[in-house]
Amino acid sequence: MRTERHQPDYVLFIAVLMLTGIGVVTVYSASMVYDIHQGLSPDHFAIRQLAAAILGLAALGLCTFIPYHFWYQHAPKMMLAALGLLVIVMVPGIGHRSLGATRWIGTTSVHVQPSEIALMALVIYLSYLLTRKLPILRDLRRTFRPAMVMVAVTIVLVFIEPDMGTALCIFLTAMVTLFAAGVPGKPLGITLGTAVVVGFLGARMAEYRSSRLVAFFHPFQHPKSSGYQLIQGLTAIANGGLTGRGFASSISATGYLPEAYTDFIFAVFTEEWGWLGDLGLLAIFAVVIWRGFHIARYARDRFGSLLAIGLTASIIVQALINLGAVTWLLPVTGIPLPFISYGGTDLVMNLAAMGILLSVSRETELELPEEDTLADIISVDEIRATRQDAAGQFRRSSGRAPVARLSNFRTSPFRKSDARDRGTSLKQADRPISLTWRASREAAATKRRDERSRKPGGPFRRHKR
């Protein structure tokens with residue numbers, strides 16, 4: 001199999017460009033009347049969205065040509081920096097407060113939303129962690145527990161902003177990444193069940209969240225209060241019909257639908273372009289999802305595969321929650337539609353995520369990979385056998401009990417080994433492991449290696465270079 005670097009996935013690139021362009025145009029048509037009512041120029045929000053799109057496309061281009069192994073090397077630092085931003089946003093005088101929430105850092109005109117940064121940082125960190133922990137993936141205490149601790153800390157910091165919608169996105173994206181990594185289903189199921197109960201209690205803790213639940217179940221009983229936005233969104237979708245009213249002809253965007261250019265922008269898009277326009281838009285999203293999972297399937301190593309799955313899942317989760325809220329399938333949560341809704345930080349981070357995905361696509365295999373060349377990890381049985389042999393040799397030579405740790409073995413190709421590591425290295429680069437954890441092949445390969453290790457020279461015999 002060849003792993004040479006090649007051109008990025010241009011199908012994904014074109015689909016992302018189309019979504020970004022549609023978003024800028026739709027923000028302009030949905031915010032034009034609102035801008036005039038506020039005494040601003042008709043293209044005020046559209047220009048800001050265009051500026052964010054240009055910045056995001058620059059980030060996309062930069063991330064495309066940065067080897068994605070760079071994110072493996074700096075994943076823990078990025079995660080700590082993201083958590084630091086989530087803490088800083090709570091500091092009075094630094095965090096920008098709007099509509100009863102403190103979710104931004106900066107001034108009224110220019111601000112950044114750290115929770116969007118934390119979402120991508122968490123995907124990178126989980127991909128890194130679940131690559132390093134592959135030999136002990138079934139050991140929940142050493143894999144699932146530290147992963148969930150990091151997820152829980154991130155969610156709590158986002159939840160207290162408060163921003164329950166983004167916290168939900170972070171949780172679901174993390175669950176998809178853990179599931180794709182091969183974490184057993186039982187702990188994931190227990191975690192999901194617990195999250196449902198905690199989420200329901202969290203929704204009942206605040207009055208505005210409780211009103212959203214009431215509006216979801218009985219919107220037409222509260223047409224002038226909590227159910228108003230949902231009713232106006234459904235009205236806009238119904239008015240769109242098959243072909244829509246045309247560009248900048250939405251009635252709902254003239255003041256009937258609150259914040260039409262943010263969370264409910266899909267309703268405006270439907271009213272202007274109709275259900276046929278919706279099919280086209282959803283088809284472009286489907287292309288992004290298809291190419292994302294295609295890249296994950298043909299990624300040359302486990303980290304690239306998990307990274308592609310996590311970044312694609314983040315787009316899927318945001319889109320499904322937004323579309324579900326607008327179409328009355330889910331309660332309103334305030335999650336924007338990726339690439340379409342107004343929001344600078346969200347657009348820049350989504351485009352940067354697509355840039356990382358394109359970077360993974362530059363190193364995909366020409367055929368479906370059978371082995372993981374990045375993790376180059378040995379099996380648990382081999383580690384135990386090697387420990388026992390090393391312990392016996394140590395006792396015979398020194399008469400003392402050895403102290404052996406799994407961390408003494410190099411489990412990452414990015415960790416530089418020193419002189420003392422080389423003597424006990426197991427030549428791991430020549431022992432790749434399957435992406436899909438093929439147990440039978442793993443057992444057979446381990447058995448063959450154990451048989452070879454019992455030959456003269458032992459498991460630590462020196463290999464010719």
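Here the structure is a predicted model, which is why all the values come from computation and not from measurement. We're numbering straight along the sequence, starting at 1. Reckoned from all heavy atoms, side chains included, excluding hydrogens, waters and symmetry mates.
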Provide the full list of salt bridge (charged side-chain N to carboxylate O under 4.0 Å, His left out) pairs with a residue in residues 312-337, sequence neighbours left out, each pair given once.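 Sorted pair list comes back empty.
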
Could you check whether any side-chain N or O of [X] sits under 3.5 Å from a backbone N or O of [Y], counting only pairs where one atom can act as donor and the other as acceptor?
{"X": "Trp275", "Y": "Thr243", "value": "no"}
{"X": "Arg302", "Y": "Leu130", "value": "yes"}
{"X": "Ser29", "Y": "Thr26", "value": "yes"}
{"X": "Ser314", "Y": "Leu311", "value": "yes"}
{"X": "Gln229", "Y": "Pro258", "value": "yes"}

What pairs with [X] under side chain to side chain contact (heavy atoms under 4.5 Å, CB included), at least two apart in sequence or on another chain?
{"X": "Ala152", "result": "none"}
{"X": "Phe159", "result": "Met164, Arg209"}
{"X": "Ile316", "result": "Ile289, Phe293, Thr312, Leu320"}
{"X": "Thr235", "result": "Ile231, Asn239"}

Qualifying residues under salt bridge (charged side-chain N to carboxylate O under 4.0 Å, His left out), relative to Arg245, sequence neighbours excluded: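 Here the qualifying residues are Glu271.
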
Could you tell me which residues satisfy salt bridge (charged side-chain N to carboxylate O under 4.0 Å, His left out) with Asp35, sequence neighbours excluded, listed by chain and number?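 Testing Asp35 for salt bridge (charged side-chain N to carboxylate O under 4.0 Å, His left out), a comparison that skips the adjacent residues, returns none.
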
Flag the pair [X] / [Y] as yes when at least one side-chain heavy-atom distance between them is below 4.5 Å, and no otherwise.
{"X": "Val112", "Y": "Trp104", "result": "no"}
{"X": "Cys63", "Y": "Ser359", "result": "no"}
{"X": "Ile22", "Y": "Phe269", "result": "yes"}
{"X": "Val89", "Y": "Arg103", "result": "no"}
{"X": "Leu157", "Y": "Met90", "result": "no"}
{"X": "Ser41", "Y": "His44", "result": "yes"}

What is the minimum heavy-atom distance between [X] and [Y], and which atoms define it?
{"X": "Ile265", "Y": "Ile340", "result": "CD1-O, 3.4 Å"}
{"X": "Ser115", "Y": "Asp163", "result": "OG-OD2, 3.9 Å"}
{"X": "Trp71", "Y": "Phe303", "result": "C-CZ, 4.1 Å"}
{"X": "Pro8", "Y": "Leu358", "result": "CB-O, 4.0 Å"}

So, using side chain to side chain donor-acceptor pair (under 3.5 Å) as the criterion, who are the partners of [X] when residues are at least two apart?
{"X": "Thr143", "answer": "none"}
{"X": "Asp139", "answer": "none"}
{"X": "Ser127", "answer": "none"}

Should Thr166 and Leu119 be marked as a side chain to side chain contact (heavy atoms under 4.5 Å, CB included) after you check the CA-CA gap, both sets of side-chain angles, and the distance that decides it? CA-CA 8 Å; Thr166 304; Leu119 174 58; 5.7 Å; no

Heavy-atom neighbours of Met78 CE exceed 12 at 6.0 Å: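 Yes - once you tally the heavy atoms of other residues, nucleotides and ligands closer than 6.0 Å, there are more than 12.
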
Residue pairs fulfilling ring pair (Phe, Tyr, Trp, His ring centres under 6.0 Å) with at least one residue in residues 242-268, sequence neighbours excluded: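 Passing the test, one end in residues 242-268: Tyr34-Tyr261, Phe45-Tyr261, Tyr261-Tyr342.
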
Check the angle between the aromatic planes of Tyr125 and Tyr128 and answer parallel, tilted or perpendicular using the 30° and 60° thresholds.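 The rings of Tyr125 and Tyr128 sit tilted, inter-plane angle from 30° to 60°.
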
Name every donor-acceptor pair, under 3.5 Å, that has one atom in a side chain of residues 331-338 and the other anywhere in the protein, sequence neighbours excluded.
none

Trp290 and Leu12: side chain to side chain contact (heavy atoms under 4.5 Å, CB included), yes or no, with the steps? CA-CA 9 Å; Trp290 163 50; Leu12 174 64; over 6 Å; no

Output the distance between atom CZ (Arg362) and atom NE2 (His6), rounded to the nearest 0.5 Å.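 So the CZ of Arg362 and the NE2 of His6 are separated by 8.5 Å.
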
